[in-house]
Amino acid sequence: MSTIEQLLASAQLPESPTAQLDIELLLANALGKNRSYLRTWPERELDAEQLERFNQALARRQAGEPVAYILGQQGFWTLELEVASHTLIPRPDTELLVETALSLIPATPAHVLDLGTGTGAIALALASERPAWQVTGVDRIAEAVELAERNRQRLGFNHARFLQSHWFSALAGQRYQMIVSNPPYIAADDRHLNEGDVRFEPSSALVAGADGLDDIRHIIQQAPDYLEQGGWLLLEHGFDQAEAVCALLSARGFTQVESRRDLGGHQRISLGCFNHA
């Protein structure tokens, strides 16, 4: 039999800054424990079923599959969310979108829309901080909507809801104080699509035409029809797209247009306010 200590010492993954963390997460999951258990009980032996579960998970990670898909969950903001292969894995950089949204309008009643919600990460993070807001998340993929709804139910956020909609298609007549989105923004020929975890994520959640801006253009063009007077639009985008996105916002009539930097110092989100004539 193998002990926790032996497995931590012998398990191998392709060189990565998160390799040791990945091994610990997979081993803790095989044991049904948290990572601190590994340090507390290093001499603990795994039974045959636990060892098989760990070895299978390790093999999947060695083949490049993201840990979040193997575990079926991913932390985002202060939440633990169910994830699946038909949705994008929530990433720390997207928390900037949440932080900015929370800073722009008060904690008083408001209607907020999350476009392309995926796991529901952004919508549920906002709902977790603003119980007075009514938060709607939409996605064109039915399985994503079902997944986001499972996350909502587990968290017990009755002031959030999820609908199937291709961007604004199912939202006729609705108006919001704020619209947020982390849409697809990678160019179809971007080499990063063949690297790392991205290889396993759905291309429909990543790719947006030749320059990566097709969906952002659509959202910016349509959003004013769904914003209240003085409403905000916030968009996550690629590290080199801020100038183009700000130009699109300004051309559509948005004011107070600006970009903000993520943890890595990249201009990761752009935003603007819309006032109807």
Side-chain angles (χ1 to χ4, degrees), residues 13-14 16-29 35 56-99 101 114-128 137-152 154-155 160 162 180-187 190-208 212 215-216 234-239 241 262-264 266 268-269:
L13 284 176
S16 156
T18 65
Q20 189 60 35
L21 173 61
D22 293 351
I23 290 168
E24 291 178 9
L25 289 169
L26 297 177
L27 183 52
N29 185 68
R35 284 174 58 218
Q56 287 181 354
L58 187 66
R60 290 170 66 182
R61 184 58 184 144
Q62 288 168 337
E65 188 174 351
V67 170
Y69 288 160
I70 299 170
L71 300 182
Q73 61 186 31
Q74 174 76 8
F76 180 80
W77 199 248
T78 60
L79 312 175
E80 196 68 33
L81 301 172
E82 178 187 345
V83 300
S85 59
H86 49 260
T87 60
L88 200 65
I89 298 168
R91 287 170 168 78
D93 284 342
T94 299
E95 293 183 358
L96 176 62
L97 197 65
V98 176
E99 292 172 5
D114 174 26
L115 292 169
T117 198
T119 61
I122 296 169
L124 293 170
L126 294 174
S128 75
V138 301
D139 202 289
R140 70 179 183 85
I141 306 297
E143 293 87 351
V145 176
E146 292 165 5
L147 174 59
E149 175 61 17
R150 288 198 299 275
N151 280 323
R152 184 200 69 77
R154 183 172 46 78
L155 294 165
F162 294 100
V180 300
S181 183
N182 177 18
Y185 55 72
I186 298 178
D190 193 304
R191 63 179 177 80
H192 294 98
L193 292 169
N194 299 312
E195 299 176 359
D197 290 358
V198 170
R199 292 173 296 158
F200 291 82
E201 295 183 272
S203 62
S204 62
L206 296 165
V207 178
D215 289 313
I216 286 176
L234 284 69
L235 296 163
E236 180 170 334
H237 51 67
F239 73 95
Q241 294 174 328
D262 64 16
L263 298 171
H266 300 298
R268 180 61 60 183
I269 70 167

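Positions are given from 1, in the same order as the sequence printed here. What you see below is based on every heavy atom in this structure, not just the backbone, and it leaves out hydrogens, waters and symmetry mates.
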Backbone N/O of E65 and side chain of R61: donor-acceptor pair under 3.5 Å: yes
Looking only at heavy atoms, which two atoms of [X] and [Y] are closest? And how far apart?
| X | Y | result |
| --- | --- | --- |
| L97 | I122 | CD2-CD1, 3.5 Å |
| A19 | P14 | CB-O, 4.2 Å |
| R152 | E149 | NH2-OE2, 2.7 Å |
| I89 | P66 | CD1-CB, 3.4 Å |
| L124 | A160 | CD2-CB, 4.4 Å |
| A125 | F76 | CB-CE2, 3.9 Å |

Can you tell me how far the [atom1] atom of [X] sits from the [atom2] atom of [Y], to the nearest 0.5 Å?
| X | Y | atom1 | atom2 | result |
| --- | --- | --- | --- | --- |
| E95 | L263 | CD | CG | 7.5 Å |
| I216 | L235 | CD1 | CG | 5.5 Å |
| H237 | I269 | NE2 | CD1 | 7.5 Å |

If you define the side chain from C-beta out and look only at heavy atoms, does anything of [X] sit under 4.5 Å from [Y]?
| X | Y | value |
| --- | --- | --- |
| S128 | L155 | no |
| L115 | P183 | no |
| L13 | Q62 | yes |

Who are the side-chain hydrogen bond (donor to acceptor under 3.5 Å, both in side chains) partners of [X], not counting sequence neighbours?
| X | value |
| --- | --- |
| D139 | none |
| T18 | S16, D22 |
| Q56 | E52 |

Under the side chain to side chain contact (heavy atoms under 4.5 Å, CB included) test, which residues partner A148, sequence neighbours left out? T117, F162
Kindly write out the residues that satisfy side chain to side chain contact (heavy atoms under 4.5 Å, CB included) with A101, not counting sequence neighbours, or none if the list is empty. L126, M178, V180, L234
Could you pull out all residues at least two apart from E99 that satisfy salt bridge (charged side-chain N to carboxylate O under 4.0 Å, His left out)? none
Tell me, please, which residues at least two apart from E24 pass salt bridge (charged side-chain N to carboxylate O under 4.0 Å, His left out). R35, R39
Begin with the C-alpha distance, continue with both residues' side-chain angles, and end with the deciding distance and a verdict on side chain to side chain contact (heavy atoms under 4.5 Å, CB included) for V138 and V145. CA-CA 7 Å; V138 301; V145 176; over 6 Å; no
Might you work through the side chain to side chain contact (heavy atoms under 4.5 Å, CB included) test for L79 and N151, ending with a clear yes or no? CA-CA 10 Å; L79 312 175; N151 280 323; over 6 Å; no
T119 vs Q74, test: side chain to side chain contact (heavy atoms under 4.5 Å, CB included). Steps then yes/no. CA-CA 10 Å; T119 61; Q74 174 76 8; over 6 Å; no
Residue pairs involving residues 79-89 (criterion salt bridge (Lys or Arg N to Asp or Glu O under 4.0 Å); sequence neighbours excluded): E82-R150
